[in-house]
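Below is one structure, written out as structure tokens, with a few remarks after it.
What you see is a predicted model, and the numbers here were worked out from it, not measured in a lab. Numbers restart at 1 for each chain; the letters A, B, ... are given by sequence-line order, proteins then strands.
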2 protein chains.
Amino acid sequence: MDRANNQRDTEALILQAAEREFLEKGYTGAKTTSIAEAAGVTHAMLHYYFRTKDKLFEKILADKLDKLGEIMFGVIGNTGLPLRERLVQGIEGHFDFIAANPLLPRFVFNELHSLPDRLEAVKYKIAPLAKAVIDNLQAAIDENSRRGKCRHVDARMIVMDIVSLNIFPFLANPLISTTFGTLFESREAFLKMRKKENVRTILDKLRLDYE
Amino acid sequence: MDRANNQRDTEALILQAAEREFLEKGYTGAKTTSIAEAAGVTHAMLHYYFRTKDKLFEKILADKLDKLGEIMFGVIGNTGLPLRERLVQGIEGHFDFIAANPLLPRFVFNELHSLPDRLEAVKYKIAPLAKAVIDNLQAAIDENSRRGKCRHVDARMIVMDIVSLNIFPFLANPLISTTFGTLFESREAFLKMRKKENVRTILDKLRLDYE
DNA sequence: ATTATCTATAGATCTATAGATAATGC
DNA sequence: ATTATCTATAGATCTATAGATAATGC
């Protein structure tokens, strides 16, 4: 193997292991020793490439916040569609994103809670996107409600509703599996049902029909 | 001071400090040294009264799960009222409980995630109560919908909706303060508005009018 | 006598680095 | 020559306990 290949390998291996460990256990719970072990490299390598646990963590956090930004940005894209379709796509897209990154909400809430300084990054990366999504949605709601097509509601509340409803099944995963274990056939069936239900709840609130 | 008084004092002081620290930082993040310091007792006292960090933690966790159980049980009590009032009271009661224990949801999710063994306690303490709440609500919905008073919906979904919507503002507290900081006058005003909104969302879904 | 408290410290774990050695590219 | 990797270990932090001392109740 040539150098470039080797270098990238260990660095990437550490990043992968770090992502998993940080998302699973949070900053304090994660240990650089176990990250190195999981990555299959010696512990010194971790510090060789990233100097400190903190720097490694910041890299992971920034990555995750970027991902969070992307999904929000994606929602703004579909401006051409009618309100109803935009909502359905936006809600289902958000749900699927969380389903693909089920540990992300807890991770973000935890780390922002324990170290509010990290909010600075969020303030500049996430807040503007959230504002764009909300303004965009509010304009569409205003227009539709003026034409009697739907109720007039606060877009901030709708966005909060969507996020609340979509992240819960993943945050409460162990609780739901236990409490509702006998009440649903399988986790997959439950999640599919829940996604549809969340779409319905929002459309219902706006008095937009669903098929 | 007599012995009994002294004994209770330190023990209670440790418990108070431990509750705060565990809820704030979780099991791994909390340190017995800082708990002792916060309680204003020597570190050895903590181990004298509780032997291990684990035993102290279990005491706090059991306490919190009991509280969680109480609020759920409270909801079942108001069977005499019509469905609409039961829902309003149930939702607002739950919201107020979370507002009074804002760190509880994150704590429960985190600890159950990191150590699923603790689910055993939940399985026996919480699951039966949740089932009772749901069965109770489903019966009321069935009856009301049969008489054309409301839509027929799955009570499990309604309960999940309520919990999702009510806990979010507290889980995402730092995020909301930052992202919506400029969009609401104060945190109190926001929470009050959000509580009403959540009631409205649920009543809406059932097509039960709100005043 | 028993219970509560303190000081001191053992032993484990964890982050970080120093310094030696091996691999790679010029 | 430079970059990557390894071994060994310093230094900090944390849980837990041992053993001495003070307070309390009989």
Any pair with a residue in residues 28-50 of chain A that passes salt bridge (charged side-chain N to carboxylate O under 4.0 Å, His left out), sequence neighbours left out, goes on the list, sorted by first then second residue, please.
-> none
Let me check something: any side-chain donor-acceptor pairs from residues 58-71 of chain B under 3.5 Å, sequence neighbours excluded? List them with distances.
residue	atom	partner	partner atom	Å
B/Lys64	NZ	B/Glu19	OE2	3.0
B/Asp66	OD1	B/Lys125	NZ	3.1
B/Lys67	NZ	B/Asn101	OD1	3.2

Pairs satisfying salt bridge (charged side-chain N to carboxylate O under 4.0 Å, His left out), at least one member in residues 87-104 of chain A, at least two apart | A/Glu92-A/Lys196, A/Asp96-A/Lys195
Counting only N and O atoms by type, is there a donor-acceptor contact under 3.5 Å from the side chain of B/Asp161 to the main-chain atoms of B/Ile202?
-> no
Only counting residues at least two apart or in another chain, list the ones meeting salt bridge (charged side-chain N to carboxylate O under 4.0 Å, His left out) with B/Asp135.
-> B/Lys131
Report the distance from atom CG of A/Asp9 to atom P of D/dT3, rounded to the nearest whole Å.
-> 18 Å
Rounded to whole angstroms, how far apart are CE on A/Met45 and P on C/dT21?
-> 16 Å
Which residue pairs pass the ring pair (Phe, Tyr, Trp, His ring centres under 6.0 Å) test when at least one of the two sits in residues 97-118 of chain A, sequence neighbours left out?
-> A/Phe57-A/Phe107
Contacts satisfying ring pair (Phe, Tyr, Trp, His ring centres under 6.0 Å) that involve residues 156-177 of chain B (not counting sequence neighbours) are B/Phe95-B/Phe170
Taking only residues two or more places apart in sequence or in another chain, which ones pass side-chain contact (heavy atoms from CB on, under 4.5 Å) with B/Thr28?
-> none
Of the listed nucleotides C/dC6, D/dC6, C/dA4, the one nearest the side chain of B/Thr42 = C/dC6
Base-pairing string, 5' to 3', of DNA chain D - Watson-Crick or wobble, under 3.5 Å, | interstrand = ||||||||||||||||||||||||..
Any protein N or O atoms within reach of nucleotides 13-18 of chain C? Criterion: under 3.5 Å, listing atom names and distances.
residue	atom	partner	partner atom	Å
C/dT15	OP1	A/Thr32	N	3.3
C/dT15	OP1	A/Lys53	NZ	3.2
C/dT15	OP2	A/Thr32	N	2.8
C/dT15	OP2	A/Thr32	OG1	2.6
C/dT15	OP2	A/Thr33	N	3.4
C/dT15	O5'	A/Thr32	OG1	3.4
C/dA16	OP2	A/Lys53	N	2.8

OP1, OP2 of C/dT5 versus side-chain N and O of B/Tyr49: anything below 4.0 Å?
-> yes
